[in-house]
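Data block below; observations after.
Note that this is a predicted model, so its numbers are computed, not measured.
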Amino acid sequence: MAHSLQFSISTPSTPFRTISKRIAFAPKGYIHIPKHRVKLSVRSEVASPASSVSVSNTAALHTTPFPVLPSFAEPSRETEAEPKVNGLRGTQRTKLVCTIGPATCGLDELEEMAAGGMSVARINMCHGEREWHRSVIERVRRINQEKVPYDTSIVFQDADMWTFSVRSFNSILPKHTVRVNYDGFAEDVKVGDEIVVDGGMARFEVIEKIGPDVKCRCTDPGLLLPGANLTFWRDGRLVQERNAMLPTLSSKDWLDIDFGIAEGVDFFAVSFVKSAEVINNLRSYIAARSCDSNIAVIAKIETVESLKNLEEIVQASDGVMVARGDLGAQIPLEQVPSVQEKIVMLCRQLHKPVIVASQLLESMIQYPIPTRAEVADVSEAVRQQADALMLSGESAMGQYPHKALSVLTSISIRMEQWWREGTHHQRMTFPDINFSPYSINEELCNAAAKMANKLGADALLVYTTTGHMASLLSRCRPTCPIFAFTPSMSVMRRMNLHWGLIPFCLNVSDDVESNLNSSISLLKARGLIKSGDTVVFISDTLQTIQVINVP
Ligand SMILES: Nc1ncnc2c1ncn2[C@@H]1O[C@H](COP(=O)(O)OP(=O)(O)O)[C@@H](O)[C@H]1O
Ligand SMILES: C=C(OP(=O)(O)O)C(=O)O
Ligand SMILES: [K+]
Ligand SMILES: [Mg+2]
């Protein structure tokens with residue numbers, strides 16, 4: 001497959017992802033795909049800065065309203081007028097993004113995912129057809145209010161000869177052929193180069209170049225999964241000049257972006273971001289193209305260049321994804337955990353939501369329980385207080401998508417509880433953000449969160465017009481849940497990606513007292529707060545902190 005964009009629909013929203021240089025696959029059924037896994041050794045001594053044949057890979061995170069699910073509390077009279085989109089909420093702090101694929105695209109499956117804790121649905125535009133993408137978006141919408149083939153991995157055996165080709169094959173690929181969607185491939189690669197699939201899934205040596213075909217011998221057997229990322233190495237160093245010149249957004253990406261704007265997705269996730277420039281370009285494009293919608297732009301951190309320009313990229317974006325899949329193919333695997341922690345901390349400091357993605361529960365693509373190591377990895381991401389965790393193949397084409405989601409949910413709940421109960425953590429202190437218009441709100445939020453913690457408050461309530469005040473509060477990672485009220489549906493949907501925010505759409509009147517009363521009765525009716533609870537209330541228009549005893 002060539003370029004693609006990924007959208008996610010969150011169960012309140014959707015993402016979009018960048019286009020990566022990917023290997024295209026033989027039509028289904030041609031190359032056979034045994035289901036067992038091959039053990040691979042990862043050679044990390046060849047650890048020089050890497051870049052891959054991957055170009056950009058535009059992922060789109062798209063957010064739709066929160067699923068309208070049967071409410072656990074009978075709506076009371078006060079809440080009858082409440083918009084349906086508010087749906088059912090739990091108070092889990094860590095948000096869960098699920099990639100939607102053949103395993104989860106049906107209405108029933110999507111509904112089950114929503115009920116199981118999915119906060120954002122993601123569609124990877126690398127896979128599937130436009131109509132399929134549209135139907136998924138529609139179904140997510142409907143919940144808020146055929147299947148694609150996936151059996152496409154290829155097993156490489158030791159010493160087998162394969163042809164990597166940039167030719168476009170109309171129907172059936174010749175035997176032992178892999179299509180590469182990076183046009184410069186045959187020119188850039190040299191006889192003797194080592195080709196590494198997905199950071200070590202399999203390795204090849206380049207034997208011969210024949211026009212657009214590159215003959216390679218498998219030197220380290222393994223698996224080729226759809227959308228695999230190729231890197232090539234010469235004399236133990238990654239070849240990267242060419243890649244640096246490739247555009248982050250291809251023309252196919254731009255068409256996918258138009259599609260996302262037309263469909264009203266909530267997020268675009270841009271793959272293989274190198275600098276803030278592409279983010280800024282996309283932002284101005286969105287602003288020019290869609291006057292009313294305000295699609296958030298997520299930068300996927302998965303290249304060496306993006307690590308070099310990390311701070312400017314985070315500043316320019318509305319959120320960040322630690323895309324550990326491709327990242328692990330670009331830097332030595334043993335560096336991925338510390339890089340993840342660094343990105344999570346930086347995003348927290350700059351109050352941008354951060355998603356930890358890829359291979360969280362990889363073994364659950366095939367097995368109904370995770371490995372202990374996977375549980376430890378997910379726990380660590382929750383302990384770091386990342387805003388969101390993301391499932392890829394586990395939910396898109398795995399055999400146990402719902403089980404995988406429930407594993408994420410239970411690990412998150414357990415770790416969040418451990419965090420709240422214990423004295424395990426030191427509070428993070430932040431330097432001031434220093435955007436002067438926000439400094440008052442920043443101080444208010446810091447103070448309100450601290451006050452809520454000290455008083456042992458049951459909830460924080462925030463009125464937020466743009467979502468900014470709510471994200472400042474989320475950044476403090478307070479102990480109690482944060483109920484965020486906004487009159488804007490799109491602001492509400494985007495808040496679904498932020499740690500601890502439980503967003504509601506509510507028409508706000510000029511009468512502060514009556515706003516507060518209706519929020520409180522809404523939360524009471526849903527069983528989220530009760531009489532006698534202590535609630536700390538802040539608003540971006542009032543700039544005061546109130547402590548209320550719920551009547
Ligand atoms: N829309 C889809 N249709 C079919 N398969 C999909 C779809 N989305 C995802 N998948 C499957 O799930 C896997 C993991 O998803 P993702 O991480 O988004 O893609 P990739 O592996 O291309 O980076 C894909 O490799 C693919 O096999
Ligand atoms: C999330 C990632 O991107 P994609 O799934 O598009 O490869 C990743 O590389 O980890
Ligand atoms: K991936
Ligand atoms: Mg990637």
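Under a 3.5 Å cut-off, the side chain of S119 and the backbone N or O of L96 do form a donor-acceptor pair. Judged purely by atom type and a 3.5 angstrom limit, H468 has no side-chain atom pairing as donor or acceptor with the backbone of T464. Judged by distance alone, with hydrogens and angles left aside, the side-chain atoms of K403 form no donor-acceptor pair with the main-chain N or O of P368 at under 3.5 Å. Side chain of Q92 to backbone of I413: no donor-acceptor contact under 3.5 angstrom is found. The backbone N or O of S519 sits nowhere less than 3.5 Å from a side-chain atom of K524 that would complete a donor-acceptor pair. Remark: the backbone N or O of L408 is paired with a side-chain donor or acceptor of S412 at under 3.5 angstrom. No donor-acceptor pair under 3.5 Å is formed between the side chain of S490 and the backbone N or O of N294. Of the possible donor and acceptor atoms, one in the side chain of E374 sits under 3.5 Å from a partner among the backbone N and O of T371. Here the side chain of E394 pairs no donor or acceptor atom with the backbone of I365 at under 3.5 angstrom. Of the possible polar contacts, none joining the R477 side chain to the W499 backbone as a donor-acceptor pair under 3.5 Å is found.
Other residues, nucleotides and ligands contribute at most 12 non-hydrogen atoms within 6.0 Å of the CD atom of E513.
Screening V536, I538, I520 for a side-chain contact (heavy atoms from CB on, under 4.5 Å) involving L461 leaves a single residue, I520.
Distance CZ/F504 to OG/S518: 12.0 Å, rounded to 0.5 Å. The CD atom of E138 lies 7.0 Å from the CD atom of E263; values are rounded to the nearest 0.5 Å. Annotation: the span from M451 atom CE to K454 atom NZ amounts to 10.0 Å, rounded to 0.5 Å. For the atom pair CG (L360) and CG (L389), the distance works out to 5.5 Å, reported to the nearest 0.5 Å. Going from atom CE of M118 over to atom CE of M390 covers 13.0 Å, rounded to the nearest 0.5 Å. Rounding to the nearest 0.5 angstrom, the gap separating the CG atom in L473 from the CG atom in N441 is 10.5 Å.
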Worked check of side chain to side chain contact (heavy atoms under 4.5 Å, CB included) between R414 and Q417: CA-CA 5 Å; R414 180 72 196 98; Q417 194 187 341; 3.8 Å; yes
Before you tell me yes or no, could you show the steps for Q546 and L516 under side chain to side chain contact (heavy atoms under 4.5 Å, CB included), namely the whole-Å CA-CA distance, both residues' side-chain angles and the distance that decides it to 0.1 Å? CA-CA 11 Å; Q546 287 182 56; L516 191 53; 4.1 Å; yes
Carefully, step by step, assess I261 and F268 under the rule side chain to side chain contact (heavy atoms under 4.5 Å, CB included). CA-CA 9 Å; I261 292 173; F268 284 130; 3.9 Å; yes
Would you sort out whether C105 and R139 count as a side chain to side chain contact (heavy atoms under 4.5 Å, CB included), showing the intermediate values? CA-CA 8 Å; C105 63; R139 279 172 209 153; 4.2 Å; yes
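Applying the ring-ring contact (aromatic ring centres under 6.0 Å, His included) definition to pairs two or more places apart or across chains, none involves residues 371-403. Here ring-ring contact (aromatic ring centres under 6.0 Å, His included) pairs that include residues 508-534, with residues two or more places apart or in two chains, number zero. Annotation: ring-ring contact (aromatic ring centres under 6.0 Å, His included) contacts involving residues 95-117, sequence neighbours excluded, are absent. Residue pairs satisfying the ring-ring contact (aromatic ring centres under 6.0 Å, His included) criterion with at least one member in residues 516-551, sequence neighbours excluded, are listed as follows: Y463-F537.
Between R493 and M489 the shortest side-chain heavy-atom distance falls below 4.5 Å. Proximity of N549 to D533: side-chain heavy atoms (C-beta onward) are nowhere separated by under 4.5 Å. At a threshold of 4.5 Å between non-hydrogen side-chain atoms, the residues L460 and P481 do not count as touching. Proximity of R289 to I286: side-chain heavy atoms (C-beta onward) are nowhere separated by under 4.5 Å. Using a 4.5 Å heavy-atom threshold, the side chains of L307 and L327 count as touching. Contact of the V270 side chain with the L282 side chain is registered, since non-hydrogen atoms from C-beta on lie closer than 4.5 Å. Contact of the L110 side chain with the V140 side chain is registered, since non-hydrogen atoms from C-beta on lie closer than 4.5 Å. Considering only heavy atoms from C-beta on, T94 stays 4.5 Å or farther from M415 through its side chain.
A salt bridge is absent between K352 and D318; no separation between the charged side-chain nitrogens and carboxylate oxygens falls under 4.0 Å. Salt bridge R324/D377: present, at least one basic N to carboxylate O contact under 4.0 Å. Remark: R383 engages E380 in a salt bridge, criterion side-chain N to carboxylate O under 4.0 Å. Between R348 and D387, none of the side-chain N atoms (NZ, or NE/NH1/NH2) sits under 4.0 Å from a carboxylate O, so this pair counts as no salt bridge.
A side-chain donor-acceptor contact under 3.5 Å links T303 and S306. Between the side chains of Q340 and Q384, at least one donor-acceptor pair of N or O atoms lies under 3.5 Å. Using modelled atom types and a 3.5 Å distance limit, the side chains of N280 and Y285 yield no donor-acceptor pair. Looking at T486 and S488, their side chains never bring a donor and an acceptor atom within 3.5 Å of each other. Looking only at atom types and distance, the side chain of H351 has a donor-acceptor partner in the side chain of S471 under 3.5 Å away.
For D458, there are no salt bridge (charged side-chain N to carboxylate O under 4.0 Å, His left out) partners two or more places apart in sequence or in a different chain. Take R93 and apply the salt bridge (charged side-chain N to carboxylate O under 4.0 Å, His left out) test, not counting sequence neighbours, and it matches no residue.
For L506 against L522, the heavy-atom pair with the smallest separation is CD1-CD1, 3.8 Å. Shortest non-hydrogen contact noted between T99 and S392 is OG1-CA, 3.4 Å.
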